[in-house]
There are 2 protein chains.
Amino acid sequence: MQNEIDNVDLGILRLLQKDASLTNKELSFKLNKSIATIHERIRRLKEQGYIKKIVAILDRKKIDRNLISFSQVLLNDHTQKTLNEFEEQVTKFPEVMECLQMTGAYDFILRIATKDMESYHDFYRNKLATLANITTVQSFFVLSEPKSETAYPI
Amino acid sequence: MQNEIDNVDLGILRLLQKDASLTNKELSFKLNKSIATIHERIRRLKEQGYIKKIVAILDRKKIDRNLISFSQVLLNDHTQKTLNEFEEQVTKFPEVMECLQMTGAYDFILRIATKDMESYHDFYRNKLATLANITTVQSFFVLSEPKSETAYPI
DNA sequence: ACTGAAAGATAGTAGGC
DNA sequence: GCCTACTATCTTTCAGT
C-alpha cells in the first residue's frame with residue numbers, strides 16, 4: 001500500500017470538502033471512474049487519515065451563537081507547566097471553539113462563540129478571567145464574515 | 001410549518017455536527033424515534049437552513065498546508081468603497097480561508113493557509129501586499145492547536 | 001406528527017482482468 | 001489497480017393512526 005495520492009484522490013478530496021453528501025455514483029460520474037474504484041479510494045483516504053471526519057456545518061445564527069470573539073491571551077510565564085495548565089483548562093470551556101498557540105506578542109488566540117455580548121461578558125468574567133497565570137486578554141469581535149471556508153483549495 | 005426546534009432536532013444537530021456519516025437508522029436508535037421521523041426532521045433542518053452543508057474535514061498537514069497565519073489588516077480609510085474593494089479582492093485568494101471584519105484596532109483578520117513559510121512569504125509579497133489601501137499587516141503563526149472545533153455545543 | 005412497510009437507490013463485497 | 005456483478009443496507013415515499 002503506497003502513501004501517495006493521485007489525481008483521482010485529489011478530485012475526491014476536492015469534491016467532498018465542498019459537499020460530502022455526494023454519492024459514490026455522482027463522484028464516479030464526475031471523475032470518470034467506476035463506483036467500486038471511488039469506494040476503494042475513499043476507504044483508503046479515510047484509513048490513511050486524509051479525511052479526518054464528515055461533519056454537518058450549522059448556521060450559527062440559527063442556533064443562537066450570534067457573537068464570535070477572537071481573544072488574544074498573554075500568560076505570565078512560559079514554563080511547560082503554565083502552558084499545559086492553561087491549555088487543559090481553557091479547552092474545556094464549551095464557548096471556546098478554537099485554541100491556538102501562536103508566535104508573536106501573544107501566546108494564544110481563542111475563538112469564542114456566545115449568544116450575545118452579555119453571555120460573552122459572563123464567560124469572560126466567570127470563566128476565562130478566573131484561569132491562573134493570565135497577564136492580558138485582548139478581545140475583538142466579528143462584525144461580518146466576507147469569507148469562511150473549511151475546504152482547502154487543492 | 002413552524003420554525004421552532006425541539007429536543008429531537010437538537011439531538012440530530014448535536015450528533016451530525018460531530019459525525020455526519022451517521023445513518024438515519026443509527027440516529028433513530030440513539031434518539032428513540034422511527035427512521036422516517038429522523039428522515040423528515042433532517043429534511044426540515046436542511047430546508048430551514050439549520051444545516052448549511054455536509055463537508056469532509058481533511059488533515060491539512062497531509063495535503064501540505066503546514067503553516068497557518070492569522071493576519072490582522074488595517075486599511076487607510078473606511079469608506080464603503082475601500083472596504084468593499086478589499087473584501088472583494090482578498091476573498092479571491094485561495095490561500096485566504098477566512099476573512100473576518102472585526103471591531104478594535106484592526107479592520108480584518110485573515111486566516112491564511114500555505115505550504116510553508118516560503119510560500120507564505122510569496123503570498124504576502126506578491127498577493128496580499130499588492131492590494132490597495134492597506135496601512136498595516138500584522139501576522140502571527142500557529143504553533144500548535146490544542147483545540148479546533150467545528151461543532152457548536154448545543 | 002409519528003409509524004411501519006414497500007420500493008428504489010446506494011454502499012459494500014467478491015471474483016476476474 | 002480497475003472493473004462488473006452481486007448482496008446487504010440505507011434512503012425515500014406513502015398510506016394509516
Side-chain angles (χ1 to χ4, degrees), chain A residues 1-65 150-154, chain B residues 1-65 150-154:
Chain A
M1 181 224 303
Q2 72 179 48
N3 214 342
E4 274 299 314
I5 224 176
D6 68 10
N7 281 330
V8 179
D9 295 313
L10 276 180
I12 290 171
L13 294 177
R14 201 174 287 131
L15 290 163
L16 291 186
Q17 278 194 106
K18 288 286 185 184
D19 182 5
S21 65
L22 288 168
T23 64
N24 290 355
K25 193 181 175 184
E26 290 168 312
L27 292 170
S28 78
F29 180 74
K30 286 177 195 283
L31 299 169
N32 286 310
K33 292 282 163 187
S34 75
I35 294 175
T37 298
I38 297 294
H39 185 264
E40 170 59 13
R41 294 303 190 99
I42 292 177
R43 193 198 60 71
R44 265 190 41 226
L45 289 168
K46 286 181 176 166
E47 185 197 60
Q48 296 182 347
Y50 285 90
I51 298 173
K52 287 202 293 189
K53 53 186 175 177
I54 309 292
V55 302
I57 303 293
L58 306 191
D59 184 338
R60 66 179 169 83
K61 304 205 171 169
K62 290 258 181 192
I63 53 165
D64 238 26
R65 295 298 147 86
T150 53
Y152 297 95
I154 53 177
Chain B
M1 182 222 302
Q2 73 179 46
N3 214 342
E4 273 300 313
I5 224 175
D6 68 11
N7 281 330
V8 179
D9 295 314
L10 275 180
I12 291 171
L13 294 178
R14 201 174 286 132
L15 290 163
L16 291 186
Q17 279 194 107
K18 288 287 185 183
D19 182 5
S21 65
L22 288 168
T23 64
N24 291 354
K25 193 182 176 184
E26 290 168 311
L27 290 170
S28 77
F29 180 75
K30 285 176 195 281
L31 299 169
N32 287 310
K33 293 282 163 184
S34 75
I35 294 175
T37 298
I38 298 294
H39 184 262
E40 170 60 12
R41 295 303 189 100
I42 293 177
R43 194 198 59 72
R44 264 189 40 224
L45 289 168
K46 286 180 176 166
E47 186 197 59
Q48 296 181 347
Y50 285 89
I51 297 173
K52 287 203 293 191
K53 52 187 175 176
I54 309 292
V55 302
I57 303 294
L58 305 193
D59 183 339
R60 66 179 169 83
K61 304 205 171 168
K62 289 259 181 188
I63 52 166
D64 238 28
R65 294 298 146 85
T150 53
Y152 297 95
I154 52 177

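Here is how names work: the chains are called A, B, and so on, in the same order as the sequence lines, proteins then strands, and each is numbered from 1.
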Rounded off to whole Å, could you give me the [atom1]-to-[atom2] distance for the [X] and [N] pair?
| X | N | atom1 | atom2 | answer |
| --- | --- | --- | --- | --- |
| I42(B) | dT13(D) | CD1 | P | 13 Å |
| K46(A) | dG12(C) | NZ | P | 7 Å |
| I38(A) | dG12(C) | CD1 | C1' | 14 Å |
| R43(B) | dA1(C) | CZ | P | 11 Å |
| I5(B) | dA1(C) | CD1 | P | 13 Å |
| L31(A) | dG1(D) | CG | P | 17 Å |
| E40(A) | dT4(D) | CD | C1' | 16 Å |

Is a donor on one side and an acceptor on the other found under 3.5 Å between the side chain of [X] and the backbone of [Y]?
| X | Y | answer |
| --- | --- | --- |
| Q17(B) | Y152(B) | yes |
| R65(A) | R60(A) | no |
| K62(A) | Q48(B) | yes |

Checklist entry - Which nucleotide in the list dC14(D), dC3(D), dC2(D) gets nearest to the side chain of R41(A)? => result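 So the side chain of R41(A) is nearest to dC2(D).
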Item to check | Per R44(A) side chain, nearest of listed nucleotides dC2(C), dG4(C), dG1(D) | outcome: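 Nearest nucleotide to the side chain: dG1(D).
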Checklist entry - Does dG4(C) have OP1 or OP2 sitting under 4.0 Å from an N or O in the side chain of S34(B)? => result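 No, no such contact exists.
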Next on the checklist: Rounded at 0.5 Å granularity, tell me how far CD1 in I42(B) sits from CG in L27(B).
Outcome noted: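 It comes to 5.5 Å.
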Checklist entry - Does any donor atom in the side chain of T23(A) or E26(A) lie under 3.5 Å from an acceptor atom in the other side chain? => result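 T23(A) vs E26(A): donor-acceptor pair found between side chains.
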Next on the checklist: Do the side chains of R43(A) and E47(A) get close enough for a salt bridge, i.e. N-O under 4.0 angstrom?
Outcome noted: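 Looking at E47(A) together with R43(A), the answer is yes, because their closest N to O distance falls below 4.0 Å.
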Tabulated below should be each protein N or O lying under 3.5 Å from an N or O of nucleotides 9-11 of chain D; please produce it.
residue : atom : partner : partner atom : Å
dC10(D) : OP2  : K25(B)  : NZ           : 3.1
dT11(D) : OP1  : N24(B)  : N            : 3.4
dT11(D) : OP2  : N24(B)  : N            : 3.2

